Amino acid sequence: MNKEQLIKIRRDLHKIPETGFKEHKTQEYLIKTIEQLNHTNVHVTKWKTGLFVFVEGVNPKRTIGYRTDIDGLPIVEETGLPFASVHKEYMHACGHDFHMTIALGALSDIASKPIDDNVLFIFQPAEEGPGGAEPILRSETFKQWNLDMIFALHIAPELPVGTVSSREGILFANTSELFIDFIGKGGHAAYPHLTKDMIVTASSFVTQLQQIISRKVDPLDSGVITIGKMTAGTVQNIIAEKARLEGTIRTLRPETMSIIKAELERYIKGFQYTYDCNITVDYGSMYYQVYNDGHCVDKFRKIMDSIGVNYLEANAAMTGEDFGYFLKDIPGFMFWLGVDSEYGLHNSHLNPNEDAIAVGVEAVTKTIRRMN
Ligand SMILES: CC(=O)N[C@@H](CCC[C@H](N)C(=O)O)C(=O)O
């Protein structure tokens with residue numbers, strides 16, 4: 001595929017972001033595009049709203065996996081781009097439109113000049129939640145391919161185009177979603193002493209929660225608790241009976257996740273007593289850390305050197321990725337692809353530089369062709 005075709009695909013996909021396990025139009029678009037490649041060595045299997053695309057090798061001894069995520073986020077786009085999302089409440093604000101386009105570009109290249117080994121392209125739904133990787137790994141459809149190696153990329157807004165970045169060992173954090181519900185007693189704004197005000201309770205909880213990080217996590221270790229959404233109350237003169245906090249916990253070690261959760265549950269018990277209310281916690285979906293195989297990263301670095309792509313050593317990041325579940329079972333790695341955007345991931349103004357698509361296709365294709 002040439003640059004213009006790839007950019008058209010990226011823009012088409014950018015217009016139709018859909019959230020986890022609702023990627024119906026996206027799946028339809030991907031199937032149509034793959035069918036147009038018109039290769040007899042390519043076999044498409046639907047899996048929920050995602051796809052497995054198997055490219056037969058000419059003399060296969062191994063099967064290499066390449067995974068892209070396909071879902072968007074519930075963000076109202078503010079880029080003002082002519083190809084902005086037509087799904088008004090949703091946006092590809094984490095680069096999955098880039099990820100899919102690069103996977104299609106690599107798929108087209110590999111299918112037209114097949115390598116010895118088989119290649120499985122995985123178009124995975126629901127990376128942003130509730131998580132598509134774990135159910136894929138459990139599915140009988142996926143198990144039949146018995147992958148020898150797998151890799152994936154993620155766009156990096158802060159890195160220049162022409163740059164990739166990775167590291168041996170941990171790249172992305174362990175994550176757990178966090179949903180906390182507070183139930184007290186509502187009433188008249190003028191009679192607070194007759195109520196149990198859940199706005200006061202939840203607000204106090206949000207600020208005290210950060211002490212778990214500062215006082216219970218070893219300063220040489222790391223953790224993050226972010227509350228991204230708080231809902232409570234009905235109107236200005238009624239004391240809120242209910243409040244809900246929605247957030248996420250991130251750690252660089254699975255053990256630290258357990259420490260934070262145990263402490264959080266102690267806080268909940270304390271708050272129930274102090275504020276005389278009922279508090280429940282739900283951890284939603286959890287992602288295992290992305291832990292890169294040293295041999296694969298070393299080989300990748302050499303491949304990038306050989307094609308003139310600038311390789312930078314990465315730091316571990318507190319972003320999460322359910323790709324970590326693949327790497328728990330299969331050797332492989334993930335890398336960052338520089339896309340040079342002033343605005344970061346999950347920002348309504350994110351505008352990655354489309355020149356990075358060709359770099360991504362080249363990096364992925366050459367890695368598939370030369371990794372052994
Ligand atoms: C790369 C990226 O931004 N991934 C998401 C993964 C979300 C995990 C889950 N829904 C959570 O919020 O814990 C991220 O937010 O890091």
Side-chain angles (χ1 to χ4, degrees), residues 17-23 67-75 90-100 102-103 124-136 151-159 164-167 170-180 209 213 222-230 244-254 256-258 260-261 264 281-292 314-328 333-339 341 343-350 352 356 360:
E18 297 163 298
T19 50
F21 293 122
K22 296 195 180 112
E23 304 95 334
R67 173 275 206 172
T68 172
D69 36 22
I70 68 169
D71 52 323
L73 283 160
I75 292 180
Y90 304 96
M91 176 182 173
H92 270 300
C94 201
H96 301 191
D97 51 343
F98 266 55
H99 301 176
M100 287 185 272
I102 291 167
Q124 181 213 299
E127 185 276 327
E128 299 290 352
E134 255 196 313
I136 282 182
F151 72 111
L153 67 73
H154 203 291
I155 64 158
E158 68 286 1
L159 294 180
V164 294
S165 180
S166 192
R167 76 196 299 265
I170 186 153
L171 186 71
F172 282 20
N174 297 275
T175 71
S176 171
E177 294 178 348
L178 182 60
F179 302 97
I180 308 174
L209 201 58
I213 302 298
S222 267
V224 174
I225 306 176
T226 292
I227 300 298
K229 185 173 176 187
M230 182 171 182
R244 180 172 167 87
L245 302 178
E246 298 179 37
T248 177
I249 310 171
R250 312 290 167 102
T251 67
L252 292 182
R253 297 185 319 124
T256 313
M257 181 63 79
S258 307
I260 291 176
K261 286 187 174 174
L264 183 88
V281 62
D282 172 4
Y283 294 118
S285 66
M286 291 165 236
Y287 293 174
Y288 189 70
Q289 63 198 15
V290 171
Y291 197 91
N292 283 342
N315 290 322
M318 282 297 183
T319 34
E321 247 288 356
D322 63 351
F323 185 65
Y325 287 115
F326 285 103
L327 295 182
K328 208 172 169 196
F333 71 103
M334 182 162 212
F335 69 96
W336 292 107
L337 174 76
V339 295
S341 164
Y343 297 95
L345 300 175
H346 295 199
N347 187 294
S348 57
H349 296 275
L350 175 79

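Remember, predicted model here, so these are calculated numbers, not experimental data. The analysis underlying the following values was restricted to heavy atoms, covering all of them including side chains, and did not include hydrogens, waters or symmetry mates. In each ligand, atom 1 is the first atom listed, and ligand 1 is the first ligand listed.
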Enquirer: Is Glu127 near ligand 1, meaning one of its heavy atoms is under 4.0 Å from it?
Expert: yes

Enquirer: Among protein heavy atoms, which sits nearest to atom 9 (C) of ligand 1, and what does the distance come to when rounded to 0.1 Å?
Expert: Glu177 OE2, 3.5 Å

Enquirer: Which one of His96, Met318, His154 has a non-hydrogen atom at the shortest distance from atom 1 (C) of ligand 1?
Expert: His154

Enquirer: Please work out whether the ring planes of His96 and His92 are parallel, tilted or perpendicular, with thresholds of 30° and 60°.
Expert: tilted

Enquirer: If we set the cut-off at 4.0 Å for heavy atoms, which region of His346 has an atom near ligand 1: side chain, backbone, both, or neither?
Expert: side chain

Enquirer: Between the side chains of Arg67 and Glu127, is the shortest nitrogen-to-carboxylate-oxygen separation below 4.0 Å, so that they form an ion pair?
Expert: no

Enquirer: Could you tell me the separation between the CD1 atom of Ile155 and the CH2 atom of Trp336, rounded to the nearest 0.5 Å?
Expert: 9.0 Å

Enquirer: Quick check on contacts: which atoms of ligand 1 are under 4.0 angstrom from a heavy atom of Cys94?
Expert: 1 (C), 2 (C), 3 (O)

Enquirer: Let me see the working for Thr19 and Asp71 under side-chain contact (heavy atoms from CB on, under 4.5 Å), right down to the final yes or no.
Expert: CA-CA 5 Å; Thr19 50; Asp71 52 323; 5.7 Å; no

Enquirer: Please state which protein non-hydrogen atom is closest to atom 5 (C) of ligand 1 and give its distance, to 0.1 Å?
Expert: Glu128 OE1, 3.4 Å

Enquirer: What atoms of ligand 1 come closer than 4.0 angstrom to any heavy atom of Thr175?
Expert: 13 (O)

Enquirer: Can you name the closest pair of heavy atoms from Arg250 and Met318 and give their distance?
Expert: NH1-O, 3.0 Å

Enquirer: Any donor-acceptor pair under 3.5 Å linking the side chain of Thr175 with the backbone of Glu321?
Expert: no

Enquirer: Check the pair Phe172, Leu327 against side-chain contact (heavy atoms from CB on, under 4.5 Å), reporting the backbone distance first and the verdict last.
Expert: CA-CA 12 Å; Phe172 282 20; Leu327 295 182; over 6 Å; no

Enquirer: Check the orientation of Phe151 and Phe335. Use parallel for under 30°, tilted for 30 to 60°, and perpendicular for over 60°.
Expert: parallel

Enquirer: Suppose we measure from atom 2 (C) of ligand 1 to each protein heavy atom; which comes out shortest, and what is that distance?
Expert: Gly320 O, 3.4 Å

Enquirer: How far is atom 15 (O) of ligand 1 from its nearest protein heavy atom, and which residue and atom is that?
Expert: Arg250 NH2, 2.9 Å

Enquirer: Starting from atom 8 (C) of ligand 1, what is the nearest protein heavy atom, named by residue and atom, and what distance separates them?
Expert: Tyr287 CE1, 3.4 Å

Enquirer: Just let me know how Ser285 lines up against ligand 1, side chain, backbone, both or neither, with a heavy-atom cut-off below 4.0 Å.
Expert: neither

Enquirer: Looking at ligand 1, would Met286 count as a contact under a 4.0 Å heavy-atom criterion?
Expert: no

Enquirer: Give a yes or no answer on whether the side chain of Asp282 reaches the backbone of Phe179 with a donor-acceptor pair at less than 3.5 Å.
Expert: no

Enquirer: Considering only non-hydrogen protein atoms, determine which one is nearest to atom 13 (O) of ligand 1 and report residue, atom name and distance to 0.1 Å.
Expert: Thr248 OG1, 2.8 Å

